[in-house]
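What follows is a single structure, written as structure tokens, with notes after it.
Every chain is numbered from 1, with letters handed out A, B, ... down the list of sequences. A quick note: this is a predicted structure, and the numbers were derived from the prediction, not measured.
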There are 2 protein chains.
Amino acid sequence: MIPKSSYPGDQKILRVVSINVNGLRSSVTKGLLEWMEKSDADVICMQESRITHAQWTDKFKPEGWYTHLFPAERPGYAGTAIYSRLPFVSITDGLGFELADSQGRFISAEFDLGLDKPAHICSLYLPSGSSGDEAQARKDHFLEEYKKILKQWRDEDKSIIVCGDYNIVHKRIDIKNWSGNQKASGCLPHERAWLDHIYYELGYVDTFREVRKEAELYSWWSNRGQARAKNVGWRIDYQACSPDWKDRTVNAWVYKDEWFSDHAPVIIDYKLN
Amino acid sequence: MIPKSSYPGDQKILRVVSINVNGLRSSVTKGLLEWMEKSDADVICMQESRITHAQWTDKFKPEGWYTHLFPAERPGYAGTAIYSRLPFVSITDGLGFELADSQGRFISAEFDLGLDKPAHICSLYLPSGSSGDEAQARKDHFLEEYKKILKQWRDEDKSIIVCGDYNIVHKRIDIKNWSGNQKASGCLPHERAWLDHIYYELGYVDTFREVRKEAELYSWWSNRGQARAKNVGWRIDYQACSPDWKDRTVNAWVYKDEWFSDHAPVIIDYKLN
DNA sequence: CTTGCTAGG
DNA sequence: CCTAACAAG
């Protein structure tokens with residue numbers, strides 16, 4: 001972990017974390033809250049919180065954090081959350097279509113970071129398509145609906161960081177077993193083309209890849225077999241940003257020293273001045 | 001544990017164990033098979049095996065044991081099993097009524113022990129009534145049907161040991177919290193009267209109590225709270241025998257040094273000569 | 001293989 | 001509070 005204090009004294013840094021927690025209750029038993037304290041993060045976007053408001057008791061809301069949870073209607077399923085050291089100007093739950101809104105798959109938090117525009121930092125949990133054709137169809141529907149919204153935000157020139165589990169690898173470099181997964185959900189050509197579109201046509205920026213060009217940087221490993229020990233991983237957790245964040249990106253890494261989930265935290269430092 | 005070798009050399013002993021394993025797979029991870037090896041048991045009757053034939057792989061059938069499983073139709077639910085050092089002459093699954101037979105609640109194994117009659121050693125898992133009125137009604141129905149069969153076996157003068165989880169305490173001495181459980185399933189007056197009937201009217205013998213007169217000997221403890229640590233238990237696991245076994249009963253105890261389940265093994269030694 | 005739900009105990 | 005099934009990932 002790079003402490004924020006290691007930057008020059010006049011350098012103002014915004015540290016943003018994306019993590020699919022695979023059950024907030026489970027990840028907390030594995031030390032997530034303690035890691036958050038030492039992470040120097042300003043904003044932490046979580047996916048798969050899998051907790052209802054009733055279950056989200058005070059022990060999940062530590063001192064010093066502004067918190068917001070958007071659960072799925074179905075208990076124990078999906079859901080997103082945002083924890084922040086900075087106060088929210090406003091919070092918006094959902095994207096305005098059923099699949100996103102009933103399953104708690106998107107939160108947008110607006111912040112005043114002293115920049116020319118308000119900054120929107122979002123937590124996105126894109127559906128998995130891996131459990132069959134119907135699941136893939138739902139994922140594809142989500143992609144279609146969400147693409148329209150992403151287009152609109154670009155038209156508005158909105159300043160935005162969308163942290164999330166996209167459940168899609170972008171390129172060959174983003175997955176260990178490329179050839180073996182050509183027919184696997186998350187690595188399908190039309191899914192990767194969707195990422196091409198939002199990055200190359202709409203102009204969003206994969207800020208992690210902007211500063212980290214190496215291979216073998218993944219954010220998710222299957223629980224089956226020895227995937228984790230052998231680093232047989234997929235990079236499917238991104239921070240997709242509007243272009244104004246591109247040149248602000250100063251550092252990015254995956255935290256793998258501890259294990260809170262089957263996904264690892266993806267941490268990105270953005271300079272604010 | 002009393003080794004069988006501690007009896008005089010000419011004393012032939014039949015050691016019979018009854019244990020509700022609360023999931024054979026779970027109890028095996030807790031060392032049940034290793035305990036069986038050192039138990040000196042001849043016959044072990046299990047209840048709540050909660051395993052299908054497909055799941056009952058070779059690792060559950062150790063060398064040197066004759067084994068038989070009678071699972072419920074519903075996976076992971078109820079079921080009985082018998083493990084024996086002695087070969088079975090024959091095995092009969094069920095009691096001839098739906099509730100017993102579809103839920104794997106009774107196995108009878110016939111043995112040739114060199115006595116004047118064949119010996120039947122059985123594993124019985126009586127339904128619990130604790131989850132509500134319908135469950136209690138099913139339990140009561142089982143008691144009614146099973147009572148007829150017990151009567152018939154006495155009329156036939158059948159030699160039988162019915163090991164099992166009866167889910168009923170007999171008397172005040174058989175439960176720590178007598179007054180607090182007068183309305184609890186398992187301690188209801190009509191259930192205890194059923195045991196009175198089979199012992200005092202039909203002449204079956206509670207062989208454990210025949211040789212162990214002390215209080216505070218229990219076979220089941222709730223998982224909730226500190227029931228086990230405080231010995232807040234119930235004696236609901238019995239070996240109910242035809243009268244010919246009464247004077248053969250030489251020793252009986254509950255094994256509590258290790259924990260394989262929420263029930264403890266009830267071990268009874270019978271002399272054969 | 002893992003989380004969390006549900007039913008049953 | 002524990003076991004196991006189940007759905008989902």
Using side chain to side chain contact (heavy atoms under 4.5 Å, CB included) as the criterion, list what pairs up with B/E134, not counting sequence neighbours. B/R138
Describe the nucleic acid contact of A/Q55 in one word from base, sugar-phosphate, nothing, applying a heavy-atom distance below 4.0 Å. sugar-phosphate
Ring pair (Phe, Tyr, Trp, His ring centres under 6.0 Å) partners of A/Y83, counting only residues at least two apart: none
Would you mind telling me which residue lines up with the more 5' stretch of DNA chain C, A/P75 or B/R74, judged by nearest nucleotide? A/P75
Does B/V169 reach the side chain of B/R192, with side-chain heavy atoms less than 4.5 Å apart? yes
With sequence neighbours left out, the residues meeting salt bridge (charged side-chain N to carboxylate O under 4.0 Å, His left out) with A/K230 are none
Please name all residues satisfying ring pair (Phe, Tyr, Trp, His ring centres under 6.0 Å) with B/Y77, sequence neighbours left out, ordered by chain then number. none
Of all pairs that satisfy salt bridge (Lys or Arg N to Asp or Glu O under 4.0 Å), the ones with a partner from residues 163-177 of chain B, not counting sequence neighbours: B/D174-B/R209, B/D174-B/R235, B/K176-B/E216
Between B/E258 and B/K38, does any side-chain N to carboxylate O distance fall below 4.0 Å? yes
Would you please say whether a donor-acceptor pair under 3.5 Å links the side chains of B/S219 and B/D237? yes
Which ones in residues 163-177 of chain A lie close to DNA chain C, meaning a heavy atom under 4.0 Å from one of its atoms? none
Pick the closest DNA chain C nucleotide for A/R224 and for B/H263 by heavy atoms, then say which residue is nearer the 5' end. A/R224
Please enumerate all residues that pass side chain to side chain donor-acceptor pair (under 3.5 Å) together with A/H53, with sequence neighbours excluded. none
Taking any atom under 4.0 angstrom from a heavy atom of chain A, which nucleotides of DNA chain D are the first and last to qualify, 5' to 3'? D/dA7 to D/dG9
Could you list by number each residue of residues 17-30 of chain A showing a heavy-atom separation from DNA chain C of less than 4.0 Å, or answer none if no residue does? A/N22, A/G23, A/R25, A/S26, A/K30
All pairs passing salt bridge (Lys or Arg N to Asp or Glu O under 4.0 Å) where residues 95-106 of chain B contributes a residue, at least two apart: none
Does anything in residues 24-34 of chain B pair up under salt bridge (Lys or Arg N to Asp or Glu O under 4.0 Å), and if so which pairs, sequence neighbours excluded? none
Could you check whether any side-chain heavy atom of A/K147 comes within less than 4.5 Å of a side-chain heavy atom of A/W194, counting everything from C-beta outward? yes
How would you give the extent of chain A contacts on DNA chain C, as first and last nucleotide 5' to 3' within a 4.0 Å heavy-atom cut-off? C/dC1 to C/dC5
Checking A/Q226 against A/W221 for the side-chain hydrogen bond (donor to acceptor under 3.5 Å, both in side chains) test, could you report, in this order, the C-alpha distance in whole Å, the side-chain angles of both residues, the deciding distance, and whether it holds? CA-CA 9 Å; A/Q226 295 305 105; A/W221 301 259; over 6 Å; no
